[in-house]
Amino acid sequence: MDERVNLMNMMKITIKVLIQSALNLDRSLESDFPPLQQFFFVLEHCLKHGLKVKKSFISQNKSFFGPLELVEKLCPESADIFTNVRNLPEIKTSVGRGRAWLHLSLMQKKLADYLQVLIDHKDLLSEFYEHEALMMEEEGAVIVGLLMGLNMIDANLCLKGEDLDSQVGIIDFSFCLKEIQENDSEKKADEITSVLDQKHYVEELNRHLSCTVGDLQSKIEFLEKTNSKLNEELIAAKDRIVSLQDEHNQLLEETVRIKNKSERHLQVNMQDTKVELETYKHSRQGLDEMYNETWKQLNVERQVRQELEKELNLQLGMKTEMEMAMKLLEKDIHEKQDTLVVLRKQLDDVKSINLQMCQKVKETDISLQQKSEQLCLLQAKWDLVDSTTRTLEERVQESEKARQISEENCMKIKKDFEAKTESFKQQLQKLDLQRSHLEQNLQIEKEQQGILQEDLGKEKEKNSSLQKDLLQYSQLKKDFDKLLIEKTQLAKLCKEQEQALQEMGFHLSQNC
């Protein structure tokens, strides 16, 4: 605290001495001007006060050029100064760049404006300065106000050949005291001019502060409007969040209910399908057994038919053989009858031979009778074979009918089996469709739940941004209150100076 006050007082003295000496010279200042050098030394100490140390593996770096680089981001018109500073070949350290930046800013008469921008963004300065640093407290704002008076000074500073890297900034207190003592002798002569200069300085400072107060008032009005809008949006967002949470809870309950219902329905369908599959397996097993039995019976009947066909073929062969034998016997009979006729004709002619041949005729009659008996036997056999072939044909027809009936039964059983399998396949397809539909519904519910969660996150982010804006608004209000206090103090100081001028004018008029 004491160090900040001492630095602020030293800054007041150096600025006062610099302004007075510049007005006495009535020309532009150069870099070798002692009060100007002391001003830069004191300003450098003010900027280094409370500066955080950046530690690295090699060394510790404590440079005030780091916070000054924020001006390039906050004020784009200051980019030319930074490019000129970085392009200087004889400057290699950050301390030298900071000193060169101070020289160039003073020449452009924008040093106070750039430092005011830094003080307005204390949230960014907190990365470089401690909380009790001069630039973070009210003394920094006072020093920036004092620097506004330097705009009446013209400075012509040449940076070529200047060793800004190795310069040692030592504050010369005796110089300030010497200047004060020298000025005490001329105080009465220059008092009026200095008071007038101070008055002009205070008026310019007051004008600048009034402009900044007007800007801050407009900003505060705008922020109040935006704050009211943000509050309304916050209320609407909260209501929307509540409604979304209710809708989210309802959707969760509905999804749980749909999921439970689908699971129950799926379990019931699975149980039904299991029962139907078991019945289908049992029925299929019975049908397979029936089919196997009928197939075995069909094979047996086919074997019987083949055996009957073989026997029929044998009987037909025997029938053909019997027909051949009958034909041979008939031919033999016809031949013998012819011979009998010839013999009967010869019997009349040769009676003598008849007696001899009578015995032979009897023998032939006996053989003829035997042949006729054999013919009868053969006819009986033929009838028996014919009857057996007829019975065999009837049995073959019956077996064919039985085979056709068994094939028809087998086809009916096969058709029933195919129809049942087709119905089971259709039921399984329906169940698969229901399951896929339920899975799609569940996926849609999950996607809606994810969208609702994203909306909830966005609303939370909006809420946090609104809270940040409220904090910035409160900070701006505090800054505005501080500026109002400074304005009242400066107004009091201006009134006091005017009263002092009036009194001095009154005393001068009396002396005259």
Side-chain angles (χ1 to χ4, degrees), residues 7 11 14-15 18 22 28-56 58-129 133-136 140 143-144 146-171:
L7 286 171
M11 199 69 201
T14 52
I15 291 171
L18 182 59
S28 61
L29 303 179
E30 295 181 356
S31 59
D32 58 350
F33 190 58
L36 186 61
Q37 292 178 354
Q38 288 296 314
F39 165 72
F40 283 125
F41 292 157
V42 175
L43 183 59
E44 184 177 342
H45 278 82
C46 293
L47 291 173
K48 284 183 178 179
H49 182 264
L51 192 66
K52 293 180 180 179
V53 178
K54 292 185 177 179
K55 295 180 180 180
S56 63
I58 301 170
S59 62
Q60 293 182 353
N61 187 10
K62 187 176 182 181
S63 173
F64 62 92
F65 187 63
L68 293 179
E69 287 180 332
L70 296 173
V71 179
E72 187 178 5
K73 298 178 182 177
L74 299 173
C75 296
E77 63 270 13
S78 66
D80 295 334
I81 298 175
F82 283 97
T83 53
N84 292 327
V85 168
R86 293 188 182 101
N87 291 329
L88 290 171
E90 60 269 10
I91 297 174
K92 297 180 180 179
T93 62
S94 58
V95 176
R97 293 189 187 95
R99 290 169 180 170
W101 185 87
L102 293 175
H103 285 70
L104 293 174
S105 299
L106 183 64
M107 281 196 292
Q108 291 185 0
K109 296 183 180 181
K110 291 185 178 180
L111 180 61
D113 296 331
Y114 291 155
L115 293 179
Q116 183 65 43
V117 170
L118 283 177
I119 289 173
D120 291 339
H121 294 81
K122 290 183 179 179
D123 53 344
L124 298 175
L125 282 177
S126 61
E127 296 179 0
F128 298 94
Y129 288 102
L134 187 141
M135 294 295 289
M136 300 293 290
I143 290 172
V144 172
L146 293 171
L147 291 174
M148 293 296 295
L150 297 177
N151 292 334
M152 65 178 70
I153 297 173
D154 294 327
N156 187 11
L157 306 176
C158 183
L159 298 178
K160 289 183 179 180
E162 291 286 336
D163 190 8
L164 298 176
D165 291 332
S166 61
Q167 233 177 30
V168 180
I170 301 171
I171 300 172

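Keep in mind that this is a model prediction, so the values were computed, not measured.
Contact between M107 and A155 at its shortest, heavy atoms only, is CG-O, 3.4 Å. Of all heavy-atom pairs spanning E69 and F82, the tightest one is CA-CE2, 3.8 Å. Nearest heavy-atom pair across P67 and L118 is O-CD2, 3.4 Å. Of all the heavy atoms in I91 and G96, the pair that sits closest is CG2-C, 3.5 Å. Scanning all heavy atoms of the two residues, the minimum distance from K52 to Y129 falls at CE-O, 3.3 Å. The two residues C75 and V117 come nearest to each other via the heavy atoms SG-CG2, 3.6 Å.
Considering CG of L68 and OH of Y114, their distance stands at 12.0 Å, rounded to 0.5 Å.
Using a 4.5 Å heavy-atom cutoff, the side chains of L47 and E44 are not in contact. With contacts defined as side-chain heavy-atom distances shorter than 4.5 Å, the pair W101/L111 qualifies. In this structure, the side chains of L115 and I143 stay at 4.5 Å or more apart for every pair of heavy atoms. Side-chain contact between M135 and F64 is absent, with no heavy atoms from C-beta onward closer than 4.5 Å.
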(request) Take I81 and V71 through the test side chain to side chain contact (heavy atoms under 4.5 Å, CB included) and record every step on the way to the result. (result) CA-CA 10 Å; I81 298 175; V71 179; over 6 Å; no
(message) Working note: S78 + K110, criterion side chain to side chain contact (heavy atoms under 4.5 Å, CB included); need CA distance, chi angles, decisive distance, verdict.
(response) CA-CA 9 Å; S78 66; K110 291 185 178 180; over 6 Å; no
(request) Could you go through the side chain to side chain contact (heavy atoms under 4.5 Å, CB included) check for L147 and M11 one step at a time? (result) CA-CA 9 Å; L147 291 174; M11 199 69 201; 3.9 Å; yes
(message) For a side chain to side chain contact (heavy atoms under 4.5 Å, CB included) check, start with the C-alpha distance between I15 and F39, then their side-chain angles and the critical distance, and finish with the verdict.
(response) CA-CA 7 Å; I15 291 171; F39 165 72; 4.0 Å; yes
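Relative ring orientation between H103 and F40 is described as parallel, the plane-to-plane angle staying below 30° on a 0-90° scale split at 30° and 60°.
A side-chain contact (heavy atoms from CB on, under 4.5 Å) with H121 is found for exactly one of I119, L124, L125, namely L124. The only member of N151, I153, L150 that meets side-chain contact (heavy atoms from CB on, under 4.5 Å) when paired with L106 is L150.
Looking at S105, its side chain never comes within 3.5 Å of a backbone N or O of L102 through a donor-acceptor pair. Looking only at distances, a side-chain donor or acceptor of H45 sits under 3.5 Å from a matching main-chain atom of F41.
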